[in-house]
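Report on the structure given below.
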Amino acid sequence: IRTWFHASAGGLTATAKEGLNYREAEPPYIQSVRSPDDLAPPEVQNWTVSFPRAMVMDALGKMGQKVDAIDSVEIGRKGPSGRALILAFNKNVQVSAPDFRVQVGSADLKSTLLDGVSVQGDRVNFSGRGYGHGVGLSQWGANKMAREGRKPEEIITHYFPGVTLEKRWQ
C-alpha cells in the first residue's frame with residue numbers, strides 16, 4: 001500500500017485526493033479518521049502565514065493562472081476532512097489548494113486545513129491547523145497513541161483502515 005505520512009493532521013486525516021490532489025482512484029485504505037494530534041507544538045496546532053501579493057501572483061502564474069491583481073481569496077470547496085480542495089482568487093480564478101500549497105512553499109503554508117483566508121493591504125493571509133498534506137499516518141497522532149500504550153499494529157490499522165498486516169519474512 002502507499003503508506004503516506006505527515007507531521008500533524010490537525011485532528012482529522014485527509015483522503016488522498018483531498019490532501020495530495022491524487023489523480024488516481026482513491027485507495028480504499030485511505031480514509032478520513034480522527035487523529036489525536038494534541039501533543040504537536042502550538043505553532044503546528046494553530047498557525048497563520050502571510051504572503052506578499054506579488055509572491056501569490058507569481059505562484060498562480062506558475063500554475064498557469066496569470067492574474068494582474070489579487071482582490072480576494074476564498075475557499076472554493078472543501079473535502080471530507082474540511083481541508084480546502086479549491087482556492088478561488090478574485091472569485092473566478094480557481095486552483096487546487098494542495099498544488100497551491102506546494103507552489104508557495106509547504107513549510108510556510110503548513111496545510112490546507114484552513115480556518116481563514118483573506119487579502120489585507122499588500123498581503124494574502126491564511127490561518128489553519130496541522131502540518132503536512134494530512135494523508136495517511138499523522139506522526140504526532142501516532143506518537144500520542146504509542147505513549148498511550150497502543151501497539152504498532154493498532155496504530156497502523158487506525159490510520160490505514162481495512163489493511164491486513166502480515167509477516168513476509170522468517
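The residues of the chain are indexed from 1 along the displayed sequence. Both backbone and side-chain heavy atoms feed into the values below; hydrogens, waters and symmetry mates do not.
In this pair, Phe160 and Tyr29 present their aromatic rings tilted. The plane angle is within the 30 to 60° band.
Distance alone, capped at 3.5 Å, is enough to place a donor-acceptor pair between the Arg53 side chain and the Gly121 backbone. Of the possible polar contacts, one joining the Glu18 side chain to the Ser81 backbone as a donor-acceptor pair under 3.5 Å is found. At distances below 3.5 Å, at least one donor-acceptor pair connects side-chain atoms of Asn90 with backbone N or O atoms of Asp71. Between the side chain of Lys17 and the backbone N or O of Glu24, at least one donor-acceptor pair lies under 3.5 Å.
When all heavy atoms of Tyr131 and Ser106 are compared, the pair lying nearest together is CE2-O, 3.7 Å. What you find for Leu12 and Ser32 is that their closest heavy atoms are CG-OG, 3.3 Å. Listed here is the closest heavy atom pair of Pro98 and Leu85: CD-O, 3.7 Å. Heavy-atom minimum distance, Leu113 versus Ala9: CD2-O, 3.6 Å. The nearest pair of heavy atoms linking Glu43 to Lys110 is O-NZ, 3.0 Å. Contact record, Asp99 with Met63: CB-CE, 3.6 Å, taken as the closest heavy-atom pair.
Residues Phe100 and Phe89 place their aromatic rings such that the two centres sit under 6.0 Å apart.
Within the model, atoms CD of Glu153 and NE2 of His158 stand 15.0 Å from one another, a figure rounded to the nearest 0.5 Å. Here Ser138 contributes atom OG and Phe5 contributes atom CZ; the two are 11.5 Å apart, rounded to the nearest 0.5 Å. The CD atom of Gln103 lies 12.0 Å from the CG atom of Leu109; values are rounded to the nearest 0.5 Å. In this structure, Lys62 NZ and Gln65 CD are separated by 15.5 Å, a value rounded to the nearest 0.5 Å. Here Met55 contributes atom CE and Ile70 contributes atom CD1; the two are 11.0 Å apart, rounded to the nearest 0.5 Å. To the nearest 0.5 Å, atoms CZ (Arg83) and CD1 (Ile75) are separated by 12.0 Å.
Side-chain contact between Val119 and Asn125 is absent, with no heavy atoms from C-beta onward closer than 4.5 Å. Between Arg168 and Glu166 there is a side-chain heavy-atom pair separated by less than 4.5 Å. A heavy-atom distance below 4.5 Å is not found between the side chains of Ser118 and Phe126. By the 4.5 Å heavy-atom criterion applied to side chains, Leu60 and Val95 are counted as neighbours. Within the 4.5 Å cutoff, the side chain of Leu39 has heavy atoms near those of the Arg147 side chain. The shortest side-chain heavy-atom distance between His133 and Ser111 does not fall under the 4.5 Å cut-off. The shortest side-chain heavy-atom distance between Asp58 and Phe51 does not fall under the 4.5 Å cut-off.
Placement of Val33 and Trp140 in two distinct hydrophobic clusters is found when ILVMFWY residues are connected by side-chain heavy-atom separations under 4.5 Å, directly or transitively. Tracing side-chain contacts under 4.5 Å through hydrophobic residues (I, L, V, M, F, W, Y), one never reaches Tyr22 starting from Ile86; they form parts of separate clusters. Met57 and Val117 fall within a single hydrophobic cluster, where Ile, Leu, Val, Met, Phe, Trp and Tyr side chains are chained together by heavy-atom contacts under 4.5 Å. Transitive grouping of hydrophobic side chains (ILVMFWY, heavy atoms separated by less than 4.5 Å) brings Leu137 and Val135 into a common cluster. Hydrophobic clustering of Ile, Leu, Val, Met, Phe, Trp and Tyr side chains at less than 4.5 Å, counting indirect connections, keeps Val102 apart from Val49.
Under 3.5 Å, the side chains of Tyr159 and Ser35 contain a donor-acceptor pair of N or O atoms. A side-chain donor from one of Ser50 and Arg123 sits under 3.5 Å from a side-chain acceptor of the other. A donor-acceptor pair shorter than 3.5 Å cannot be found between the side chains of Gln45 and Ser8. Residues Asn21 and Ser96 bring a donor and an acceptor atom of their side chains to less than 3.5 Å of each other.
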For this session: Evaluate side-chain contact (heavy atoms from CB on, under 4.5 Å) for Leu87 paired with Leu114, printing each intermediate quantity in order.
Result: CA-CA 10 Å; Leu87 292 173; Leu114 300 173; 4.0 Å; yes

For this session: Test side-chain hydrogen bond (donor to acceptor under 3.5 Å, both in side chains) on Thr15 and Gln31 and set out the steps.
Result: CA-CA 5 Å; Thr15 65; Gln31 299 170 22; over 6 Å; no

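Counting non-hydrogen atoms of neighbouring residues, nucleotides and ligands closer than 6.0 angstrom, the CZ atom of Arg150 exceeds 12 such neighbours.
Remark: Lys144 does not engage Asp37 in a salt bridge, criterion side-chain N to carboxylate O under 4.0 Å.
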